[in-house]
Amino acid sequence: MITKPKGTYDIYGSEAKKWQYVNDIIDAFCSYYNYDYIRTPIFESTELFHRTSGEDSDIVKKETYDFKDKGERLLTLRPEGTAGVVRSYIENKMYGDAEKPVKLYYNGTMYRYERPQSGRNREFTQFGIEVLGSNDPYIDAEIISLPIRIFEALGLSNLKVNINSLGDKESRKNYTEALIKYLEKDIDNLCDDCKRRLKTNPLRILDCKVDQESNIIKNAPKITDYLNEESKNRFDKVLNYLDALDIDYTIDPNTVRGLDYYDHTVFEIVCDVKELGSSNVIAGGGRYNSLVSELNGPETPAMGFACGIDRLIFALDKLECNINSKKEMDAFIMYVSETEKEHAIYLAQELRLNGFKIELENCARSLKAQFKQADRLNSKFLIILNDADLKNGELNIKDNLTKEETKVKESEIVEYLDMNI
Ligand code: HAM
């Protein structure tokens, strides 16, 4: 038997129903908040991710699926969605759109070569949004509040927003110098990754998974004390707008995020589900005001976030949030003879095209077994065809709950179902 690759999984049956439900809520909220859907390729040139995520990020160092195609082009399965969206924004000159800012959302599979565990897969799905062309701190607050409102609509509780500001370039430069000075004397007591990062990306030491509990990290200088006037005012405004939107948050100076492109606001939404362990960050994002110009586009302030839908659904399951994943049909059409079958086929199509969820018998079952099948499908009505009724232009309809049977003129079946469903 050929089995699925490690770190991937199949979604089917009631699980697939949950995914559809979650996706429907996401689509609905994105339209309430005026986000347009964007689809970018699942693979992009490898260089794109090296230039966006950063050479020293875990993603680029050890997690990407890289390959050469038959034309010797170096390509990478996308590990995240922001890089592709920014590339597309520049390549398609969306910065010329009259409607500003450009508000986009995506929902698709991403690939990271990680050690599979609950909430961490090699193929996973992210839903994300990116707003390009506005530096208004209100946008930061909108981007933090949108996933919270989606999670609440799904019934998710135990949520916590950790927020921080990495400030502008000047603030980060001053802070990085102070951090290096502080860490240098104790670096031998930190892990090998931290030792390397002291030279390449000292801020990342703050969210090291190995040394998280170390006092060296806990007592490190805080970036919030190094923000210049402008960065501090900006951060205060974001917090004010979050208050106006009634979003609770915790300022966490150690939230720095694993990708190189961030400045100013960064945030993570944590869902407290013990089975998720350290994979309990269900959404995260931040501002990246320099990324578009670094990829040779025009200066464009931007911000976004992404949510791991796999993790979200795992959390919904563990917290026993009630997502109705039961299959439900409006009617099941039953018959025995071949002439009845032809009628059933025609009738099923008519009703489906009128917007009803319809199934018809198609496994040559006995009438008794067809009743059982209708129950399995949770059919509200049974339409039991027989030649005599059909000759009179009538249908025999049974309400599967009350067990009441009625004869309905076939020409009036749509109205009948409309009134009773
Ligand atoms: P990220 O923090 O790398 O950010 O990923 C965002 C979310 O994707 C995580 O919070 C998690 O829920 C989910 N995720 C990441 N890796 C895995 C995995 N191996 N298995 C399951 N779920 C996973 C980004 O990707 C940024 N592009 C977010 C962003 C958008 N920033 C600005 N705009």
Side-chain angles (χ1 to χ4, degrees), residues 6-9 11 22 35 38 40 44 48-49 52-54 57-65 77-89 101-132 139-140 142-144 146-147 150-151 156 159-163 166 204 207 209 255-271 273 276-292 300-316:
K6 191 169 172 186
T8 68
Y9 56 94
I11 299 161
V22 168
Y35 285 85
I38 181 168
T40 60
E44 298 267 4
L48 177 68
F49 301 110
T52 53
S53 300
S57 62
D58 282 350
I59 288 185
V60 164
K61 276 210 112 52
K62 35 190 182 193
E63 294 171 3
T64 49
Y65 281 88
L77 293 184
R78 63 182 180 194
E80 57 103 42
T82 311
V85 170
V86 171
R87 195 252 330 120
S88 171
Y89 175 83
V102 173
K103 295 176 74 177
L104 302 168
Y105 83 100
Y106 51 91
N107 187 339
T109 50
M110 309 288 157
Y111 301 83
R112 295 185 191 177
Y113 191 81
E114 295 194 81
R115 195 167 61 79
Q117 50 194 288
S118 55
R120 200 173 287 276
N121 311 297
R122 292 185 175 167
E123 181 186 68
F124 60 98
T125 302
Q126 274 187 352
F127 140 64
I129 64 174
E130 312 293 347
V131 179
L132 299 115
I139 288 293
D140 303 38
E142 177 175 301
I143 289 174
I144 297 167
L146 172 61
I150 290 177
F151 299 157
L156 201 63
L159 296 168
K160 188 174 166 215
V161 178
N162 291 328
I163 185 169
L166 303 179
R204 289 287 330 270
D207 75 350
K209 298 281 171 282
T255 296
V256 290
R257 314 266 309 129
L259 298 150
D260 267 8
Y261 46 63
Y262 294 114
D263 51 18
H264 292 288
T265 311
V266 284
F267 75 101
E268 290 182 342
I269 302 175
V270 176
C271 183
V273 170
L276 277 173
S278 66
S279 306
N280 59 1
V281 179
I282 51 173
R287 191 156 270 290
Y288 49 93
N289 283 353
S290 306
L291 188 60
V292 179
T300 307
M303 170 147 176
F305 87 90
C307 157
I309 302 188
D310 316 56
R311 273 185 205 182
L312 169 63
I313 291 184
F314 186 86
L316 287 166

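Each ligand, and each atom within it, is numbered from 1 in the order the structure gives.
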Q: Hey, can you tell me if Phe127 and Phe305 have their rings parallel, tilted or perpendicular (30° and 60° cut-offs)?
A: perpendicular
Q) Which residue holds the protein heavy atom closest to atom 30 (C) of ligand 1, what is that atom called, and what is the gap in Å? A) Thr82 OG1, 3.0 Å
Q) Considering only protein heavy atoms, which is closest to atom 31 (N) of ligand 1, and at what distance to one decimal place? A) Tyr262 OH, 2.7 Å
Q | Contacting atoms of ligand 1, where contact means under 4.0 angstrom from a heavy atom of Phe305 | A | 29 (C), 30 (C), 32 (C), 33 (N)
Q) Nearest protein heavy atom to atom 21 (C) of ligand 1, by residue and atom, and its distance? A) Gly119 O, 3.3 Å
Q. Closest non-hydrogen protein atom to atom 14 (N) of ligand 1, residue and atom name please, with distance?
A. Phe124 CE1, 3.5 Å
**Q.** Atom indices of ligand 1, in the order listed, that fall short of 4.0 Å to a heavy atom of Gln126
**A.** 5 (O), 6 (C), 7 (C), 8 (O), 24 (C), 25 (O)
Q) What atoms of ligand 1 come within less than 4.0 Å of a heavy atom belonging to Glu80? A) 25 (O), 26 (C), 27 (N)
Q: Provide the number and element of each atom of ligand 1 under 4.0 Å from a heavy atom of Ile282.
A: 10 (O), 12 (O)
Q: Considering only non-hydrogen protein atoms, determine which one is nearest to atom 24 (C) of ligand 1 and report residue, atom name and distance to 0.1 Å.
A: Leu259 CD1, 3.7 Å
Q.
For atom 26 (C) of ligand 1, what is the closest protein heavy atom, and at what distance to 0.1 Å?
A. Tyr261 OH, 3.4 Å
Q. Would Arg120 and Arg112 satisfy side chain to side chain contact (heavy atoms under 4.5 Å, CB included), going step by step from the backbone distance to the final call?
A. CA-CA 9 Å; Arg120 200 173 287 276; Arg112 295 185 191 177; over 6 Å; no
Q. Which ligand 1 atoms, with their elements, are less than 4.0 angstrom from a heavy-atom of Ala283?
A. 10 (O)
Q: Please say whether Tyr288 places an N or O atom under 3.5 Å from an N or O atom belonging to ligand 1.
A: no
Q.
Among all the protein's non-hydrogen atoms, which is closest to atom 20 (N) of ligand 1, and how far away is it?
A. Asn121 N, 3.0 Å
**Q.** Within-cut-off N or O pair, Gly308 and ligand 1, under 3.5 Å
**A.** yes
Q | Close-contact set for ligand 1 against Val281 heavy atoms, below 4.0 Å | A | 9 (C), 10 (O), 11 (C), 12 (O)
Q.
Please determine whether any non-hydrogen atom of Arg257 lies less than 4.0 Å from an atom of ligand 1.
A. yes
Q. Short N/O distance, under 3.5 Å, between Asp310 and ligand 1?
A. no
**Q.** Distance-only N or O hit between ligand 1 and Glu114, under 3.5 Å
**A.** yes
Q) Which of the atoms in ligand 1, numbered in the order shown and given with their element, are less than 4.0 Å from a heavy-atom of Arg112? A) 1 (P), 3 (O), 5 (O), 15 (C), 16 (N), 25 (O)
(Q) Within the 4.0 Å heavy-atom shell around Glu130, which atoms of ligand 1 are there? (A) 30 (C), 32 (C), 33 (N)
Q) Would you say Gly128 touches ligand 1, if touching means a heavy atom closer than 4.0 Å? A) no
Q. Hey, is OH on Tyr113 packed in by over 12 heavy atoms from elsewhere, all under 6.0 Å?
A. no
